[in-house]
Structures are given as structure tokens and as C-alpha cells.
2 protein chains.
Amino acid sequence: MKWDELDTNWCPVARAMSVVGDRWTLLILRDCFLGISRFEDFQKSLGVTRHVLSERLKRLVEAGVIEKHAYSVKPPRFEYKLTPKGKDLGPALAALKDWGKMYMPVRRQVQSEN
Amino acid sequence: MKWDELDTNWCPVARAMSVVGDRWTLLILRDCFLGISRFEDFQKSLGVTRHVLSERLKRLVEAGVIEKHAYSVKPPRFEYKLTPKGKDLGPALAALKDWGKMYMPVRRQVQSEN
DNA sequence: AGTGATAGGTTCTATAATAGAACGCATTCC
DNA sequence: GGAATGCGTTCTATTATAGAACCTATCACT
């Protein structure tokens, strides 16, 4: 199969990956679960480029995983919130969290010389 | 943060993604759970390029998620098997499977004109 | 002994995705 | 009339992935 045809795959895991399998997507959703909802906050939290963040949010909205709505019209300001479909990714994220806690111990980042 | 520094992140989900967050990796592991163990079989099952498959398997072995061992020396033949660490990704994959079943209905692939 | 098949890769080039910085717009604050 | 904030888009450079070809070792057949 091809990566951009995962949505028609027989396997439900593959179909799930067609929505949440791209780089950064699952971490954006983790941030949603932590209460983050604004573009700037996702960007600061993750360090993902604005370009990619914009593209991922658009995709997640299209897929019905999150919703975008204006919390202010003047000035125009938006927030992204999990839909029920998005909230139901909670168990998957929780399982990844548990696994990470168990098997991926925290290692201090090596400080650069400069 | 940067994608290749996820392993030092404070968040266990991010640290998990440092191992299983790359394209195709979670689907390779799904295949492992389905009993697939050989290079050729992963490749046929997923359609991933041999280059990427090789790289992902190497990474998963390094991370201790799967083990490579020879099941024949003459001719040299190998199989990849889940370690306990890898088997403990079962709940995460199961959660993704459930979510995919629930929210991503099977759609027939549109047939090409040619 | 030569030919083809099988398994497990590596190497090569072309294309697609991501990184990183800059820019644009609307609005508010000073 | 700046400067700051929030939410993006656009641009170029670098990295990752796709797709095909190639290599090695062995066996099976003729």
C-alpha cells in the first residue's frame, strides 16, 4: 500500500494512521488533552514549524478529530478543541504514555558546547 | 523541541514517539503482532520501500522493541520477533485498532481509469 | 557448470516532506 | 504612529521517502 492510501486499507490500525500517523500529529493531540488550544501555544509547546502545524491542524479538523472555532471575532482569534472522536483517542495516547514511562526513562539532554 | 530529540523530552508520549513515531513503524509492529517476521513478508505486506523497511527494523532492534535472529545460517536467513518491550505496545496498537474500527469505516478504493 | 529462483539487504536518483526564517494581516495597547 | 499579539502563509534549504536497480549467498534444476 501507499502512505496516502492508508484510509482505504483493510486494517483499522492503518486507517487510524491515515489520520494520526504523520509526524507531530499525535503530539499535537497530546497537547489538546493537556488543554492547549491555540496556534501559538501548540507552536511554542512543540517547536514544530508553523507551516507543518497549520497543515496538521487543517487535516485534523477535516477528519473531525478537532474543531476550530473563533473565541473572538475582533480581533480574529481561534481555538482548536477535541471532538468526541478526538477524545476517544485518549486510550491510545494513554497506552503510549504508559509504555513511554515504563520503557523510555528520562535522559538529560546533552548540553551543546556553544 | 526537535523531532530527533524526542527521546530526551519530559513527556513519556514524546519519548515513545521517538521510537515508534516515524512513518510505517507502527504498521511494521502491527505486522509483528500478526505473526509476520521476515523482511520480504513485511515488505510485501506493507508496500514500504526496502530502504525504509531496513532502516526501521534496524532502529527497532536498537531500541530493544524487536530482536533479529538467524533461523538459518546456510543460506543466511533472519527473523524479527517482538521482545517483551515490544509486546507491551500491544495495548497501544489495540487502542488504535478500536478507534479505527469505530471511526474510520472501510471505504473501497477508487479504481484508476487506466 | 550454468541458469533461475529466493531471501535479505544496499545503493542510486527523483520527488515529497519538513525545517527555519521571513513576511502579511487584523487588531489592540501605549 | 509605532510596537506587540495571534494566526497564519510563503519562501528556500535540507532531509526523508519512493521506486528501481543492483549485490551476495545459497539452493534447485538441467
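Throughout, a chain's letter reflects where its sequence line sits, starting with A, and its residues are numbered from 1.
Of the candidate nucleotides D:dA18, D:dT9, D:dC27, D:dC27 has the atom nearest to the side chain of B:Pro75. The side chain of B:Phe78 sits closest to C:dG9 out of C:dT10, C:dG9, D:dA18. Comparing C:dG8, C:dT27, D:dT17 by their closest approach to the side chain of A:Pro76 singles out C:dT27. Picking from C:dA7, D:dA18, C:dG9 the nucleotide with the shortest atom distance to the side chain of B:Val48 gives D:dA18. Which of D:dG6, D:dT9, D:dA18 sits closest to the side chain of A:Ser54 comes down to D:dT9.
Between the side chain of B:Arg50 and the base of D:dG19 there is no donor-acceptor pair of N/O atoms closer than 3.5 Å.
The distance from atom CG of A:Asp41 to atom P of D:dC7 is 8 Å, rounded to the nearest whole Å. The distance between atom CG of A:Leu57 and atom P of C:dT18, rounded to the nearest whole Å, is 14 Å. In this structure, B:Arg56 places its CZ atom 12 Å from C1' of D:dA18, rounding to the nearest Å. Across the protein-nucleic acid pair, A:Trp3 atom CH2 and D:dG19 atom P stand 14 Å apart, rounded to whole Å. One interatomic measurement links the two molecules: CG of A:Asp4 to P of C:dT15, which rounds to 16 Å at whole-angstrom precision. Per the geometry, NZ belonging to B:Lys2 stands 14 Å off C1' belonging to D:dT15, to the nearest Å. Rounded to a whole Å, the CD1 atom of A:Ile36 is 12 Å from the P atom of D:dC7. Atom CD of A:Glu55 and atom P of C:dG20 are 17 Å apart (whole Å).
In this structure, A:Phe42 reaches neither bases nor backbone, as no heavy-atom distance under 4.0 Å exists between it and the strands shown.
With the nearest nucleotide of DNA chain D identified for both B:Gly47 and A:His51, A:His51 has the one nearer the 5' end.
Taking the ring centre of A:Phe78 as origin, the terminal cationic atom of A:Lys68 falls inside the region bounded by 6.0 Å and 45° from the ring axis.
Under 4.0 angstrom from either OP1 or OP2 of C:dT6 there lies no side-chain N or O belonging to B:Lys44. Distances shorter than 4.0 Å separate some side-chain N or O of A:Tyr80 from OP1 or OP2 on D:dG8. The side chain of B:Lys58 contributes an N or O atom lying less than 4.0 Å from OP1 or OP2 of C:dT10.
Annotation for B:Ala95 and A:Pro91: closest pair CB-C, 3.9 Å, computed over non-hydrogen atoms. Closest heavy-atom contact between B:Glu40 and B:Arg50: OE2-NH2, 2.7 Å.
Here the OG-CG distance, from A:Ser18 to A:Asp4, works out to 10.5 Å after rounding to the nearest 0.5 Å. The structure places CG of A:Leu82 at 8.0 Å from CG of A:Leu89, a figure rounded to the nearest 0.5 Å.
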